[in-house]
Structures are given as C-alpha cells and as structure tokens.
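To keep things clear, I will list the structure first and then write my remarks on it.
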There are 2 protein chains.
Amino acid sequence: MFRIVNTKTGPGDMDQSTDIDIGSRLKAVRLAAKLSQRELARRAGVTNATISLIEANQMNPSVGALKRVLDGLPMSLAQFFALEDAPAASKPFYAADELVEVGKGKISYRQVGADLRSRALQILVERYAPGADTGRVMLRHAGEEGGVVVRGRLEVTVADQVRVLGPGDAYYFESDQPHRFRNIGPEPCELISACTPPTF
Amino acid sequence: MFRIVNTKTGPGDMDQSTDIDIGSRLKAVRLAAKLSQRELARRAGVTNATISLIEANQMNPSVGALKRVLDGLPMSLAQFFALEDAPAASKPFYAADELVEVGKGKISYRQVGADLRSRALQILVERYAPGADTGRVMLRHAGEEGGVVVRGRLEVTVADQVRVLGPGDAYYFESDQPHRFRNIGPEPCELISACTPPTF
DNA sequence: TTTTAGTGTTCACGATCCTGAACATTCTGC
DNA sequence: GCAGAATGTTCAGGATCGTGAACACTAAAA
C-alpha cells in the first residue's frame, strides 16, 4: 500500500485524503525552534535516525513516537496537526450582511464564513430575542467554547453553575459540560462567541 | 519501553506527558457517530481488529493508520487531538473587570481567562485607541484567527488585501499570513477576536 | 430451536517501525 | 592542510504494528 509522500512532486499537490506531509511540517517546526535533528532527538528521547526518517517521509511514525518528538519542542499534537488543516486561503473579510445565518426562531446565529469543514474555529454573532432559550435539554458536544456579551443580558448555565452576564462579561468552558443559554430580560441580547472544533 | 495506557487505573490519572488515552477518545467519537467497529473499519479501509486494538489501547497506531480511521468518521487529526488538550474545568464565568489585560499602550487586549497553556482557544476583547497600530512589521504565527468589530472602525491588512471594517463586520484568516491592524479613525475601536492555538 | 446477522475480542504472521551504529559531508579552529 | 565536532543519511535487526481469519457472544428472524 502506498503510504509515503513523494515530496519531489510538491507536498501541496498530493492526495490529502490519504496521506500527510508530516516530514516537511516537522522539519519546519524543528528549524523554527532552532534545533538540530540530534538535539531534538536527545530532548525527545528518540534516536536521530528516527527524526531523519520522519522528516524524509520515509516512515510513518506511530502516534506515540510523534508525540514524544513534539514533546521535545515542545508542541502538542493538536497544535501540530492544526497546521495541516489550514487549506487554501479564502477571502479574509466579511461584511456584516455577509455573515451566514445558521440559527432560527428567537435565536439568531450569524456565522463568519460559510464552509466550516476546513476550519479550526467557528465564530458566531449570536442574538437572543427576549425569552429565547437553547432548551431545558442541556447541550453537549466535544471541544471548547467561549464568548463575550456585547449587548443585553443573558443567563448562562454550565454544569451546576448559573450566572447572568451583561455587556463585557465573558464565559469559557469545555463543551462536553452540559450548558444552556437563556435571555430572561426584556431586551434582545447580543454576544460574540467562538468554539473549536466547529460543531454545526 | 512502556507505551500502553492502563485504562483500568483511570485514563485521567495517567502521565499525560508520556502517553495518551487514544482508545477511549476514539471509542467516544465512534459511538458519537453511531458506528460499529466493523462499519467504521469498512469506511476507513482498515480491519475491525485494528479498531478494536486501538480502542483497547493495546497498540500504538501509526499516524497514517489513525488518519485513515478518522477519515471514516470523518474527523481531522487536529480535531481529534484538540479533545486531548482539554484539561480540568476551571470557572466558566468572567466579569468584565476580571478580564486579564495583556496589551499595552494604545492597544488593549483583555483576555478571557488567565492560564492559556491548557486551552485550545484564546478569546480577546481588543480596544484600539485612535492611531493605534500593530506595526509595519507584519505579524505572523501558526494557527487561525478571526473576529467581529463591535464599535468604531478598523483597517485590517491580510497579505496583500486591505479593508476597513465597521461594527458587525468580521474577518477570518490563517495566522501564517502576514497581517496588521490599524485604527485610522477618530474614535476608539473595539472588537472581539478568537484564535487557535493561543499564541501569546 | 435453529439460522442469520450483528457485536467486540483474540491470535499467527508478514510488514513496518525504531533503534544503535556506522557512514558521508560540512564546518570551525589550529 | 588536518583534527575535531557538528550536521544529516543509511543500514541490519529486534520490537511492534496491522492484517486476515477464527472465536465467543447477543439479538432478531425463520
């Protein structure tokens, strides 16, 4: 089975769905840290041969081995692969009326950018009409999320904690904790939120 | 060398610096997708034995193998490992005056939460005084970032593109592109931004 | 009950990783 | 020029991965 990336044809042109150019990536971060193969190998507790072979895409390292190597930089696996996910640059600017509405009813979620699949981050402008509620059944999904209230007041529930946030107040939690948002005031509430990975 | 995580002692108690509980994580995301080991194996093009052994932490899969498995879900490596980085829950709410100031001079960055090391996401309330400028030397770092302007106007430069954004307008780009922020108007500008991974 | 289809687990074996050591090359200092 | 130390590369071999096939179990259908 074909596994090794042929960097001679250009790492950007390869079939992304089957293989990854780990080698170039590792070399880039190693050089950014100004380390030699041997020095990184020493810190990571692997041999310099391993680093060499990985960078040359002449082997397919195990997750554990790659983690040990990255620990020597140091860098997390998530950070390392986050570099992989960055695709072709699309347009960087979005006018207020270009934001994509992905909510409905009393809750409006206006999303920055349309195609989420290739992104590490989902940014939303959320607007809760008076009485709007994400529901008694608490939401749960993987990842982390946070936000800042811009206008109005919002009751936020995270696990067993409840608090009413006003303009300038913020929240941040891991999304696998049950959570709920509710506008219990008389005026609409607006906030800007971000979460990773995108979960819509 | 010890490589396999003993899940019987509790995956949360293990030495995070050396090993990862890939097994539980994979099982969680597989079940979230409502797939059996065999069905996932079929989609991923691996054998069900591989899935079983990985989930039982009885082997240390290669990066390529894990990628093939995750492609079957589908989920990226970055997303998968982003789940790993989430540590113990801290307090989820932050009052406006609790945000940590990390900027200086004409630019104020007020950060949601203090300890970034363990987080996947950095959320900032940014405030640019009239004339404030991140500098002619363009910023560059790894990851992705985006934001929404709340008040005032801001000139944003990304690579060779320049645009002035007003309230409600947004931006999103990969951080390795050179970028610059500048308040060229007479009034202060405020925006809320997010980036991953945290880069301060 | 028996059959069929589904689940996850275990095992032998070929393929591959990863090491330890040698090799080739390029510097720097003398 | 020649030692010395640094760099990255290559190779044999033991350790491990990943497969293909069998196994044990459960649930639903005949």
Side-chain angles (χ1 to χ4, degrees), chain A residues 1-8 11 17-73 77 80-81, chain B residues 1-8 11 14 17-73 75 77 80-81:
Chain A
M1 180 178 297
F2 183 70
R3 223 169 334 86
I4 304 304
V5 174
N6 182 1
T7 48
K8 296 196 178 73
S17 65
T18 57
D19 286 311
I20 304 183
D21 182 16
I22 292 179
S24 312
R25 204 71 63 169
L26 176 59
K27 186 167 188 173
V29 295
R30 175 176 64 80
L31 294 177
K34 300 190 178 179
L35 297 175
S36 69
Q37 288 184 351
R38 280 186 154 85
E39 174 61 15
L40 174 56
R42 194 188 59 74
R43 297 192 189 191
V46 300
T47 59
N48 59 310
T50 302
I51 309 278
S52 177
L53 291 171
I54 293 175
E55 290 191 358
N57 280 321
Q58 284 181 8
M59 77 173 182
N60 186 6
S62 70
V63 172
L66 182 58
K67 170 159 172 53
R68 277 199 296 280
V69 170
L70 293 178
D71 281 345
L73 284 170
L77 286 163
F80 184 79
F81 288 114
Chain B
M1 183 179 292
F2 184 70
R3 223 171 334 84
I4 303 303
V5 174
N6 182 1
T7 48
K8 296 197 178 70
M14 69 186 182
S17 65
T18 57
D19 288 310
I20 304 183
D21 182 16
I22 292 179
S24 311
R25 205 69 65 168
L26 175 59
K27 186 167 189 174
V29 295
R30 176 176 63 82
L31 293 178
K34 298 190 180 181
L35 296 176
S36 69
Q37 288 184 350
R38 279 185 155 85
E39 175 61 16
L40 174 56
R42 193 189 59 75
R43 298 192 189 191
V46 300
T47 59
N48 58 313
T50 302
I51 309 278
S52 177
L53 292 170
I54 293 176
E55 290 192 358
N57 281 320
Q58 286 180 6
M59 78 173 181
N60 186 6
S62 70
V63 173
L66 182 58
K67 170 159 173 52
R68 277 199 297 280
V69 170
L70 293 178
D71 281 344
L73 283 170
M75 169 178 263
L77 286 164
F80 183 78
F81 287 114

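Keep in mind the model is a prediction, meaning the values are calculated, not measured. Chain letters run A, B, ... following the sequence lines, proteins first, then strands; residues in each count from 1.
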Looking at D:dG18, D:dC11, C:dG8, which one has an atom nearest to any side-chain atom of A:A49?
-> D:dC11
For C:dT7, does OP1 or OP2 lie under 4.0 Å from any side-chain N or O of B:R30?
-> no
Under 4.0 angstrom between B:S52 side-chain N/O and C:dT9 OP1 or OP2 = yes
Let me know the distance between CG of A:N57 and P of C:dC17, rounded to the nearest Å.
-> 11 Å
Who pairs with B:S52 by side chain to side chain donor-acceptor pair (under 3.5 Å), at least two apart in sequence or on another chain?
-> none
State, yes or no, whether a side-chain contact exists between B:F80 and B:L73 at a heavy-atom distance under 4.5 Å.
-> no
So, is B:S36 near the phosphate of C:dG6, with a side-chain N or O under 4.0 Å from OP1 or OP2?
-> no
Partner residues of B:R38 under the side chain to side chain donor-acceptor pair (under 3.5 Å) criterion, sequence neighbours left out | none
Can you measure from CG (A:N57) to NZ (A:K27) and round to the nearest 0.5 angstrom?
-> 11.0 Å
To the side chain of A:R38, which of D:dC17, D:dG8, C:dC17 is closest?
-> D:dG8
When you check the phosphate oxygens OP1 and OP2 of C:dA21, does a side-chain N or O of A:T47 lie under 4.0 Å from one of them?
-> no
Among the nucleotides D:dG18, C:dG8, C:dC18, which one has an atom lying closest to any side-chain atom of B:Q37?
-> C:dG8
If you pin B:L53 and B:N48 to their nearest nucleotides in DNA chain D, which one's is more 5'?
-> B:L53
Whole angstrom is fine here: how far is it from CD in A:E39 over to C1' in D:dT7?
-> 13 Å
